[in-house]
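The structure appears below as structure tokens.
FYI, side chains are in, hydrogens and waters are out, and symmetry mates aren't considered; it's all heavy atoms of this structure.
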Amino acid sequence: MATPFAQVRNTPVSLVALVIIGVLFIAATTRAQDIRVAQEHSDTEPFELVISILEQSIARYGENSRLQWVDTTEMNQPRALRMLESCSADFDVYFSGYDTGREQRLLQVNFPLTMGLLGLRGFVTTADRAEALEADVQQAETWLIGSGRGWPDTRIMLENQFRVTQANYQNLWAMLEQGRFDVFQRGLQEAQLEIRQRSNELQLLNTVVMLYPLATVLYVNPCKPELKEQLEFILQSAYEIGLVQSIIYQNADAALAINRLADPSVRIIALKNTDMSDAFVTMIDAYWLPEIRQHLSH
């Protein structure tokens, strides 16, 4: 009786090769594929909404893909984006606020992760100044506002004639506590988390918000167009079944931020964003939360 080894040995070489190729193909297509996303901050709690949307969407529609976070906390954002653009980074995806320069240099996934919530902004100040500023919200255009160097928000406020002091993220919190400016402008949903983390001496103003067209989007390594298409499919599929909307509305901080738009006692300062492509305007019309879209100036 021929042994199994003898059977293989006597099998035509071409057939053996086909079997091996088939096994390798099956292994390759069933192996989990990592979607490597840059983790810019060591503290991820302020970004828990974005992270939850990504993780749940990929888990539902990513087939054999899985999310892998790559630590980039020691790398500033401009350098990380340059490395991504040159295809030399050890990550393939970066999430940040929408920017036309990034859209031109990188592959933009045309889906707003929090459906326009990033453009709903609040003002954080020190507790000893909050009452006076709350009484002065009609003069908010005269406030000196802290904002990040190179952030889209900073450009938007400057273009709309607001007074802005620029520094890096961590320094801005220290500068606020030292009274170097009046308010630190933050994403309204993010600000609530950030205040809880830092100090009882910080307070979010309740009677004024700023709103403009801005979104958190994914930027992909330009050498991987198939990954951009995959991520668009994943996120659009999650949106179509209502998964993204459900995650947003069930988040307590996001719900508070959205509800503030419906409060008649709140002043809504709607600003224009002059730096928008046709693709971005299409995203606004297709995906923005209706509570936000109705107040936009664009």
Side-chain angles (χ1 to χ4, degrees), residues 37-51 69-86 89-91 93-103 105-106 113-114 117-127 129 133 140 143-205 210 212 214-219 253 271 273 275:
V37 183
Q39 181 184 321
E40 182 181 2
H41 300 280
S42 56
D43 177 18
T44 60
E45 188 177 7
F47 309 99
E48 65 176 14
L49 186 58
V50 169
I51 292 169
W69 293 99
V70 178
D71 185 359
T72 61
T73 55
E74 299 300 318
M75 189 184 307
N76 63 40
Q77 188 175 104
R79 181 186 170 210
L81 291 171
R82 285 195 300 271
M83 291 183 66
L84 185 63
E85 181 182 11
S86 67
D90 58 358
F91 55 90
V93 184
Y94 202 98
F95 73 82
S96 75
Y98 167 80
D99 178 81
T100 53
R102 295 169 191 175
E103 182 180 17
R105 293 163 44 204
L106 302 161
L113 285 171
T114 56
L117 192 60
L118 185 65
L120 180 55
R121 315 296 292 183
F123 297 101
V124 180
T125 191
T126 52
R129 303 195 63 193
L133 289 169
W143 294 348
L144 183 58
I145 301 172
S147 187
R149 186 173 289 112
W151 292 0
D153 314 89
T154 303
R155 173 191 54 78
I156 291 169
M157 285 188 289
L158 289 171
E159 287 179 352
N160 284 272
Q161 309 304 309
F162 281 79
R163 300 168 61 224
V164 180
T165 290
Q166 302 182 50
N168 69 40
Y169 176 78
Q170 293 298 342
N171 286 348
L172 285 163
W173 289 108
M175 292 167 66
L176 176 63
E177 292 177 343
Q178 295 162 10
R180 302 269 296 277
F181 48 80
D182 298 310
V183 292
F184 186 6
Q185 193 253 44
R186 300 296 299 133
L188 191 52
Q189 176 258 332
E190 299 167 347
Q192 299 164 80
L193 290 164
E194 292 166 329
I195 290 171
R196 289 198 295 269
Q197 290 178 328
R198 282 173 171 78
S199 169
N200 292 331
E201 298 305 310
L202 297 175
Q203 190 168 318
L204 179 65
L205 298 184
M210 185 176 279
Y212 41 77
L214 190 63
T216 302
V217 293
L218 301 176
Y219 290 102
D253 291 322
L271 304 185
N273 183 357
D275 192 37

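Residue Trp143 holds its CH2 atom at 9.5 Å from CZ of Arg129, rounded to the nearest 0.5 Å. Summarising the geometry, atom CD1 belonging to Ile145 is positioned 11.5 Å from atom OG1 belonging to Thr125; distances are rounded to the nearest 0.5 Å. Here the CG-CZ distance, from Leu271 to Arg121, works out to 11.0 Å after rounding to the nearest 0.5 Å. To the nearest 0.5 Å, atom CG of residue Leu117 and atom CG of residue Leu188 are 7.5 Å apart. Expressed to the nearest 0.5 Å, how far CG of Leu118 lies from OG1 of Thr216 amounts to 4.0 Å. Between Leu106 atom CG and Leu84 atom CG the span is 5.0 Å, to the nearest 0.5 Å.
Counting heavy atoms from C-beta outward, Met83 and Asp90 have side chains that stay 4.5 Å or more apart. Using a 4.5 Å cut-off on side-chain heavy atoms (C-beta onward), Gln185 and Phe162 make no contact. Side-chain contact between Leu176 and Phe181: present, with at least one pair of heavy atoms (C-beta onward) separated by less than 4.5 Å. Side chains of Glu48 and Leu193 form a contact here, defined as non-hydrogen atoms less than 4.5 Å apart.
Heavy atoms only, all atoms of each residue included: Val124 and Ala191 are closest at CG2-CB, 3.9 Å. The nearest pair of heavy atoms linking Leu133 to Asp182 is CD1-O, 3.9 Å. Of all non-hydrogen atoms in Phe95 and Leu218, the two that sit nearest each other are CB-CD2, 3.6 Å. Closest heavy-atom contact between Gln166 and Gly148: OE1-O, 4.3 Å. Residues Ala167 and Leu172 share a closest heavy-atom pair of O-CD1, 3.6 Å. When every heavy atom of Tyr94 is checked against every heavy atom of Ala80, the shortest pair comes out as CE1-CB, 3.6 Å.
For the pair Gln192 (side chain) and Asp253 (backbone), a donor-acceptor distance under 3.5 Å is present. Side chain of Thr154 to main chain of Arg149: no donor-acceptor pair is present (N/O by atom type, distance under 3.5 Å, no hydrogens or angles). Judged by distance alone, the side chain of Thr126 and the main-chain N or O of Glu201 form no donor-acceptor pair under 3.5 Å. Side-chain N or O atoms of Thr72 include one that pairs as donor or acceptor with a backbone N or O of Gln39 at under 3.5 Å.
A salt bridge does not link Arg198 to Glu194: none of the charged side-chain nitrogens sits closer than 4.0 Å to a carboxylate oxygen.
The environment of Glu74 atom CD is sparse: at most 12 non-hydrogen atoms of other residues, nucleotides or ligands sit within 6.0 angstrom.
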| field | Pair Arg82-Arg105, side chain to side chain contact (heavy atoms under 4.5 Å, CB included): steps then yes or no | value | CA-CA 9 Å; Arg82 285 195 300 271; Arg105 293 163 44 204; 4.2 Å; yes

| said: Using the rule given for side chain to side chain contact (heavy atoms under 4.5 Å, CB included), can you reason through Thr114 versus Val50, listing the C-alpha separation, both sets of side-chain angles and the distance that settles it, and then say yes or no? | reply: CA-CA 7 Å; Thr114 56; Val50 169; 3.9 Å; yes

| request: Report the C-alpha separation of Ile156 and Trp151 in whole Å, then their side-chain angles, then the decisive distance to 0.1 Å, and conclude whether the side chain to side chain contact (heavy atoms under 4.5 Å, CB included) test is met. | output: CA-CA 9 Å; Ile156 291 169; Trp151 292 0; over 6 Å; no

| request: Dump the intermediate steps for side chain to side chain contact (heavy atoms under 4.5 Å, CB included) on Glu177 and Phe184, then the final yes or no. | output: CA-CA 10 Å; Glu177 292 177 343; Phe184 186 6; over 6 Å; no

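Thr165 and Arg180 are not linked by any side-chain donor-acceptor pair at a separation below 3.5 angstrom, with hydrogens and angles left out of the test. At a cut-off of 3.5 Å, with distance as the only test, no side-chain donor of Asp275 or Tyr98 sits close to an acceptor on the other residue.
Tested against Ser96, the residues Arg102, Glu40, Gln77 include a single side chain to side chain donor-acceptor pair (under 3.5 Å) partner, Arg102.
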